[in-house]
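A quick write-up on the structure given underneath.
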Amino acid sequence: MPSRFTTAWLVAASVYVLAACSAVRADRWTPAQLDELRGLWLGSLEPLPPDPTNRFADDPRAAALGRSLFFDPRLSANGRVSCATCHQPELGFQDGVPLGRGAGTTARRTMPVAGSAYSPFLFWDGRKDSLWAQALGPLESPVEHGGTRDLYAGLVAQQYRPDYEQVFGPLPALGDRAAITQVFVNIGKAIAAYERRVRHKPSRFDAYVEALVTTGRERRDVMTEDEIAGARLFIGKGNCTQCHNGPLFTNQEFHNTGVPAAASLPLDRGRAAGTHGVAADEFNCRSRWSDAGGKCAELDYMVKSGHELERAFKVPSLRDVAERAPYMHAGQLATLAGVLAHYNRAPAAPAGHTELKPLRLNQRELLQLEAFLRTLSGGTTDR
Amino acid sequence: MKRLIVTLLLAATAVATSGCATLMTMIGKGPTKPAASEFGLGPRTGSLYTATLEPAQPLRKRKLQTVQVRIVDASGKPVDDAAITIDGGMPQHGHGLPTRPRVTRNLGAGVYEIEGVRFSMGGWWEFKLAISAPAGSDRVTFNLAL
């Protein structure tokens, strides 16, 4: 016959085990989960990495000139397209449409600018390896700005000569292609100096984690139960941090997630083409226009081939993601719910192989994840 | 009556415990993560050589970094003339290393510099060295927790 003492002990043990279990499910964070949350917090973002390819990257005068150029529609063949035509500050430096529209229509979704200085490779396929080289691409694309480097160098000579010379020294005579290209490159370097300053502002999620990791206090006033449950799914069962990790919610890599092909566009090979693009780019880190002196580790150790690059696309930041429909590299998915349904279902890729496996999340969990993603909106600033 | 209560409590405890265990199992998946004692920068011994990783700074997520490796033979003598290739990845996620690291310098005294090392997420990574030297070829695998 068990004693009264044994019975009491068993009651206590049962209560303890049940409490431990419910704590895992409800609202306590384990040390490992706290580490994950701290890693996603904007407060753990490191200072801007230097850009050795651009010695003007942190020159405030270059950034001021770059800001003027960024918003100037005269940098286009038709006089109506500036960088801000697609990268609209009031929309978080993107445009809210499936495919970017400049002089014509591009084949890709406009990417936001904030935090891009942390990325070793730019564009959805990583075909550029610096912000300045990236900025030069759209300027000469017939469907974006639609102009030529001759046009832009001429515009700088007419409209920006004092500002240009203050940063870059005397404007060369625009007689030969090398001189014209030098001015064109410096346009890119000035725009990059401005874009480096475009950054994310803290979101409700950041306020929640900041309190948690600095005071140990859980701020229930900034996140709801469903949003907290969504955060738990994000770092757990959803496998989201496999790619969306770190304070910018991206590992800066390229992955095939079986995103459907865009109707009416040729099949896009993504990174499989991008590695060749960046290796051959006239303006890459190893080019004569770069200030890196040949030190180009990102290019040197880049994975250049392999099946995993086929239809792999850049992992975008999830900061402000709820303000940024439609989604994916050609805006194929119209809503956040649609994106989560895609990850939950994990369909086969139209080319290459998807890295996703079905998540088997239920409807309530999908809604909680979506609610969590909405806590990542904090806006961007260029100040 | 008392016996009934005790039985019920035992049953409840067992259900709760197994529920918790299931929950914990669901967090990990795929290949089994080695024991904590199997993790670290070494020394790790293959069939011929022992290797130790010596990163200039603690290993970090998402950063391109340089790591030195020290290789000795069974008698503890430095292996100076090795050719080393690097491979690895995340066994639980089925992907390889996000970069192609390689040995860029032989620093002597069995120490080699590996550049271009990156770990794109937290978790269990395998970092594998294929070591080829006059005494023979060997493979040494490190388990790293990022």
Q) Any chance the side chains of E355(A) and H95(B) put a donor and an acceptor closer than 3.5 Å? A) no

Roughly how far apart are [X] [atom1] and [Y] [atom2], rounded to 0.5 Å?
X: N251(A); Y: R62(B); atom1: CG; atom2: CZ; result: 8.0 Å
X: M121(B); Y: N239(A); atom1: CE; atom2: CG; result: 8.0 Å
X: D300(A); Y: L64(B); atom1: CG; atom2: CG; result: 9.0 Å

**Q.** Structural part of E46(A) lying under 4.5 Å from a heavy atom of chain B
**A.** side chain

Q. What part of E253(A) lies closer than 4.5 angstrom to a heavy atom of chain B: side chain, backbone, both or neither?
A.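 Contact with chain B: side chain only.
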
(Q) Quick check: closest heavy atoms across L97(B) and V303(A), and the distance to 0.1 Å? (A)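 Taking every non-hydrogen atom into account, O-CG2, 4.2 Å.
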
(Q) Quick check: closest heavy atoms across T104(B) and Y301(A), and the distance to 0.1 Å? (A) CG2-OH, 3.1 Å

Q. Are any of the side-chain heavy atoms of R100(B) and M302(A) separated by less than 4.5 Å?
A.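 R100(B) does not reach M302(A) side chain to side chain.
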
Q | Side chains of P120(A) and R118(B) in contact at under 4.5 Å (non-hydrogen atoms) | A | yes

Q) Within a radius of less than 6.0 Å around NZ of K295(A), do more than 12 heavy atoms belonging to other residues, nucleotides or ligands occur? A)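 Open.
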
Q. Crowded around R139(B) CZ? As in, over 12 foreign heavy atoms under 6.0 Å?
A.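 Count not over threshold, so no.
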
